[in-house]
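To start, the structure itself, in structure tokens.
Chain naming here is simple, since letters A, B, ... match the order of the sequence lines and numbering starts at 1 in each. Because the structure is predicted, anything quoted here is derived from the model rather than measured.
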Protein chains: 2
Amino acid sequence: MTSHSFVSIAPRIAKPAPAADPFNLVGVRLPYAADEEIYAQDEDSDFVYRVVRGAVRTSRLLRDGRRQIGDFYYAGDVFGLEPGEQHRFTAEALIDSEILMIRRSASNAFGADGADLERMLWTATAQELARTQEHLMLLARKTAREKVASFMLDLAQRNAAEVTVLPMGRQDMADYLGLTIETVSRTLTCLQAEGLIEFFGSRRFCVRGASRLARMVVC
Amino acid sequence: MTSHSFVSIAPRIAKPAPAADPFNLVGVRLPYAADEEIYAQDEDSDFVYRVVRGAVRTSRLLRDGRRQIGDFYYAGDVFGLEPGEQHRFTAEALIDSEILMIRRSASNAFGADGADLERMLWTATAQELARTQEHLMLLARKTAREKVASFMLDLAQRNAAEVTVLPMGRQDMADYLGLTIETVSRTLTCLQAEGLIEFFGSRRFCVRGASRLARMVVC
DNA sequence: CGTTTCTTTGAATCCGGTCAAGGTCCGTGG
DNA sequence: CCACGGACCTTGACCGGATTCAAAGAAACG
């Protein structure tokens, strides 16, 4: 297992100014190794998390072993705010990561800061819902080609650098896209053969035909 | 179009006591005919809605005509609280319905009542997220049989009566489950042949093998 | 290096989609 | 009351994209 890959991905949510950031006031920073569990499915928890460095996947296991990945989270992203009493997904570090965690109920104990936290939780939940809806469309109504193309483009677009590093393996991609690992692999080979993307090894790639790629992402 | 079917489905969220219910304080009731639009995709809106009587579907159209149904809502359910500035889905009445609507920003204008509204919005959004995640699992990792079985069982379970009436047609079911209308129809025929469900016409059915049906709903 | 794990490729299969036709339900009007 | 028409639903035959099973190839790690 690679445990020191460096990944630089732009955050999904702009970090609030430090002064107004509830995480900085009451958060705790913890390191996690690759594949280490941050919290478990069905575990109840009162925390919310933010990726400081690294990358995280949330996943859910069905009884018969089928696995679905809920989402991937990168530096700056907030996760773990599933609304119920207990987590419906497991969260694991994809690579070596640093995670900031904060007690949700802290919002009651702080005056103005509590309101800030509340507001942040609300915003993050709303974003989470929007992202889940987008994921839903992808799963329900897209072909394997479209799924893989969306995924690669999405990843590349939140990366300033020319070359993007995949923090996850093919199996994780497959479980996110609702495909098998073989289909993902074949589709990537195909996209590369068409000159839309180019791989350097199996984890590093860059987009060659961004506009052509974008055109095949129906929305 | 049948426009006066009677549907009795239990609400997803228990109605709050009238005194604490923000809808009763500032809501407006409106009637909608079958297939009438309540709000449109990309329309921006400051309202939240509750089904008083009837049933509603939210759906989203891709450029090339592919349609995905977000969810179905029945009496007592709250909908329309997609977080962004504008709606990402269209909402339409499935059958003749009565809808209560309330201005979201009303929460700022009312003291304690505003807090109640805020709390209700939060709860409803959280529930919406949970439901969307469930829908995601269904779409990504279930076979046609499992999808249809889940759907029928779910519908039957929130119905006190012996016979359940489907407020939507086969096309709507298909667009919800990520299948074609033919596959839905075939699968229903198959489930009926196996004695798991029984149809009386194409809209009325009851579950015969609830436990066998439940067993095929992986979760 | 040798071993293990991950990825790619190939061939065969199958589930669900597509295309096409027939059947049913239901409202309307003769 | 029955005949007609249109929308919706079901069924059949065939097709194709994705899965499955199997094996080879590449990359990571000790």
Query - Non-hydrogen side-chain atoms of A:V207 and A:Q157 separated by less than 4.5 Å - result: no

Report task. State, to the nearest 10°, the angle formed by the axis through the first five base pairs of the helix from C:dC1-D:dG30 to C:dG30-D:dC1 and the axis through its last five. Result -> 40°

**Report entry** Integer-rounded Å distance: C:dT8 P and A:L191 CG
**Finding:** 12 Å

Report task. Would you mind listing every ring-ring contact (aromatic ring centres under 6.0 Å, His included) that reaches into residues 126-145 of chain A, with sequence neighbours excluded? Result -> A:H135-A:Y176

**Report entry** All pairs passing salt bridge (charged side-chain N to carboxylate O under 4.0 Å, His left out) where residues 86-95 of chain B contributes a residue, at least two apart
**Finding:** A:E134-B:R88, B:R57-B:E92

Query raised in the report: Just how far, in rounded Å, is P of C:dC25 from CZ of B:R170?
Result: 12 Å

Report summary line: Sorted by chain and residue number, the salt bridge (charged side-chain N to carboxylate O under 4.0 Å, His left out) partners of B:R67 (sequence neighbours excluded) come out as B:D172, B:D175

Query - Any pair counted as side chain to side chain donor-acceptor pair (under 3.5 Å), so long as it reaches residues 188-202 of chain A, sequence neighbours left out - result: A:R145-A:E194, A:E198-A:R208

Query raised in the report: Can you check the B:R203 CZ to C:dC25 P distance for me, whole Å?
Result: 14 Å

Query - Euclidean distance, atom CG of residue A:L188 to atom C1' of C:dC6 [Å, nearest integer] - result: 14 Å

Query raised in the report: Which heavy atom of A:L81 sits nearest a heavy atom of A:L121, and at what distance?
Result: CD2-O, 4.1 Å

**Report entry** For A:A33, all residues meeting side chain to side chain contact (heavy atoms under 4.5 Å, CB included), sequence neighbours excluded
**Finding:** A:E36, A:D96

Report task. Rounded off to whole Å, could you give me the CD-to-P distance for the A:Q171 and D:dT19 pair? Result -> 11 Å

Requested in this report: Sorted by first residue and then second, give each salt bridge (charged side-chain N to carboxylate O under 4.0 Å, His left out) pair with at least one member in residues 210-219 of chain B; sequence neighbours left out.
Outcome: none

Report task. Please report, rounded to the nearest Å, how far the C1' atom of D:dG17 is from the CG atom of A:L177. Result -> 16 Å

Query - Separation of D:dA28 C1' from A:M168 CE (nearest whole Å) - result: 19 Å

Requested in this report: Could you list the residues that satisfy salt bridge (charged side-chain N to carboxylate O under 4.0 Å, His left out) with B:E146, not counting sequence neighbours?
Outcome: A:R66

Query - Whole-Å gap separating P (D:dA28) and CD1 (A:I95) - result: 14 Å

Query - Nucleotide-resolved protein contact map, nucleotides 9-22 of chain C, B/S/- at heavy-atom distance under 4.0 Å - result: BBB----SSBB---

